[in-house]
Amino acid sequence: MSTEQHILPGPVPVLNLPPCHTEEEYEMVYHKPATMVDTTMHYCPGCAHSLVHKLIMEVVEELDIQEKTVGVAPVGCSVFAYDYMDIDMQEAAHGRACAVATGIKRLMPDKYVFTYQGDGDLAAIGIAETLHAINRGENICIVFMNNAVYGMTSGQMAPTTLPGMHTTTSPDGRDVSYYGAPIKVAELMANLPGAFYVTRQAVNSANAVRRTKKALLNAFKYQPLHKGTCLVEIIGNCPSNWKMTPVEASRFIDEEMVKTFPLGDIKIPGAEDMKIY
Amino acid sequence: MAEFKLMKGNEAMAEAAILAGCDAYFGYPITPQSEVLEYLAREMPKHNRIVMQAESEVASINMVYGAAGAGFRTMTSSSSPGISLMQEGISYIAGAELPCLIVNVNRAGPGLGTIQPGQGDYFQSVKGGGHGDYKMIVLAPASVQEMADFVYLGFDLADKYRNPVLLLSDGAIGQMMEKVEFKPYTRPVVDKSTWATTGKPKSRNRNYITSLFIQPERMEVHNLKLEEKFKQIRENEVRFEEINTTDADYLFVAYGLSARICQKAMDIAREKGINIGLLRPITLYPYPYQRLQELASQVKMMLSVELNSGQMVEDVRLGVNGKVPVEFYGRMGGMMPTPEEIVHHLETLIQYHHVN
């Protein structure tokens, strides 16, 4: 322990500084996308949803496709996505986002249609709709938020819950001999010929966020090709239901989640596919 | 001169959908209505329309949700077990106020039941079916001609009220062949731009389709808005047909196929000197309670004839409100009563009630 005494200096002298810079004098290096609604979000601190919402809206802004984009929100934490994204959206029944998106896209093939779904929504109750939509090669983008728990209902076991992971419905940890192993959605769906681009990313670090942004940008850019479904699985932080701090949650993804859900591209379009592009 | 075609009820309904400008049909095979999907799979592409065989009825009703939410004229069809699967989607469609047409070619149940005609889905059709407070407008055709006519009417009512419309047919009307005339049809102009999700231009606020109102205050406001709509429907859209009611002492109340059988039973009874008439509700929701109440001051007894264990009879009793005896006769499990069987039952009832 230091015994050195810190003596506070006397009163701060009043300095005669020039006035602060006005806003115009600064160079704008970052701004919230204009395609976001300016409001307070309901998400918990450290949650991945708000960040991924923003990334999608950045893509919509950068591609200038606000007029051509229709989103489908799921049942789950992101059920209110249409309160935050300044685009036309439909709220689907639990698990049915891909069927709803099929109805939209088949009638408006020139629009950019995406679904935004959690693991309970997509991989449990809605896996049939998801699998068949991808098998048909629906020209939609599926943004799949995988945080290994049911968030909205406060932390029950999901189809993607890690082996041994404690949730409110697997209090002793997920027993794979009883409930089976977590479903690796991206790998499963990549097997379908209708899948055009399948990748798994995360948003737990600045680098990861940049890679996710790139993946989303690609997934949206591929839509006009009419070559099939793009699936972007994103490992999401859920500090509230993981009972962790946001920092611990980010670390948990690197140390535990990626063992079951390795990050990276799983299916990428070949050079032949990209010829028209 | 009118041009008649000889067609199955299911096919006439499918052809009418094309003529009514249906943009998209989503369906799943199930007896006794698979002809609809087959007919449209063949014919819709010729008109540059969308037809899709979905992976389930759950998917097809949600595809309808998506297409209707984007402002398109869309429909699905199925039979009883498939319609049960759609109930979740129908509740969402009603909650989100989306116009669409749903066709139920009713077979006998419960469970897998049988593929023969039935009217056991009456309660499911008119009392809700899915969760929450909502109603569908329910149209009950009794002929192949009406299978076609009610498609136009159904689509128009759906657009007018932004509400799902159910065409409740049955395995017999769907499968039998009759002459049908496709009448000229003018589609009313409906502006959907204020709510359809077609992509948000800079000039307007975003449109979003939802049935979620998490704050109870807002949910109640939405519920009250829906109730006001159902009140309008009850006031303006009641449809029924009356035969031989002016001099009637007794009244058959029957819809769809049962009404067809009752028409023959009425002829037999009248030959025997029993003055009986027929009230055939065309809309099962809204129901012709008012007219039944009026007729209750005229007739001595009513007999509801149904292909179920007695479902619509409850609505007849609501309308009559105890004024005269309301009886029920029905067959189940895909069995159909003969007109003679119905007349025999009628005679027994007249004796029992001493109302001759």
Picking from A/His132, A/Glu67, A/Glu129, which has the most non-hydrogen pairs under 4.5 angstrom with chain B? A/Glu67
With only heavy atoms counted, which part of A/Val37 is less than 4.5 Å from chain B, the side chain, the backbone, both or neither? side chain
Counting only heavy atoms closer than 4.5 Å, note whether B/Leu212 contacts chain A via side chain, backbone, both or neither. both
B/Ile214 portion near chain A, given a 4.5 angstrom heavy-atom threshold: side chain
Just checking, is any N or O donor in the side chain of B/Tyr25 or B/Ser77 under 3.5 Å from an acceptor N or O on the other one? yes
If you measure from the Lys or Arg side-chain nitrogens to the Asp or Glu carboxylate oxygens, is any gap between B/Asp156 and B/Arg73 under 4.0 Å? yes
Quick check, are the ring centers of A/His49 and A/Tyr84 under 6.0 angstrom apart? no
Under the side chain to side chain donor-acceptor pair (under 3.5 Å) test, which residues partner B/Asp149, sequence neighbours left out? B/Gln145, B/Lys183
Sidechain-backbone polar pair: A/Gln90 side chain, B/Gly66 backbone, donor-acceptor under 3.5 Å: yes
Sidechain-backbone polar pair: A/Asn146 side chain, A/Ile234 backbone, donor-acceptor under 3.5 Å: no
B/Glu97 side chain to B/Ile93 main-chain N or O, any donor-acceptor pair under 3.5 Å? no
For B/Glu43, is there an ion pair with B/Lys46 - N to carboxylate O distance below 4.0 angstrom? yes
What part of B/Tyr65 gets within 4.5 angstrom of chain A, counting heavy atoms only: side chain, backbone, both, or neither? both
Using heavy-atom distances under 4.5 Å, tell me whether A/Asp110 contacts chain B through its side chain, its backbone, both, or neither. neither
Side chain from CB out, backbone as N, CA, C, O: work out which of these in A/Tyr112 comes under 4.5 Å of a heavy atom of chain B, or both, or neither. neither
Are A/Arg106 and A/Glu138 ion-paired here, with the side-chain N under 4.0 Å from a carboxylate O? yes
Do A/Glu233 and A/Lys184 sit within salt-bridge range, that is, some charged N less than 4.0 Å from a carboxylate O? no
Among A/Lys111, A/Met85, A/Arg96, single out the residue with the greatest number of heavy-atom pairs under 4.5 Å to chain B. A/Arg96
Per-residue contact mode, A/Leu107 against chain B (heavy atom under 4.5 angstrom): both
Proximal to chain A - members of residues 185-199 of chain B, heavy-atom separation under 4.5 Å: B/Ala196, B/Thr197, B/Thr198, B/Gly199
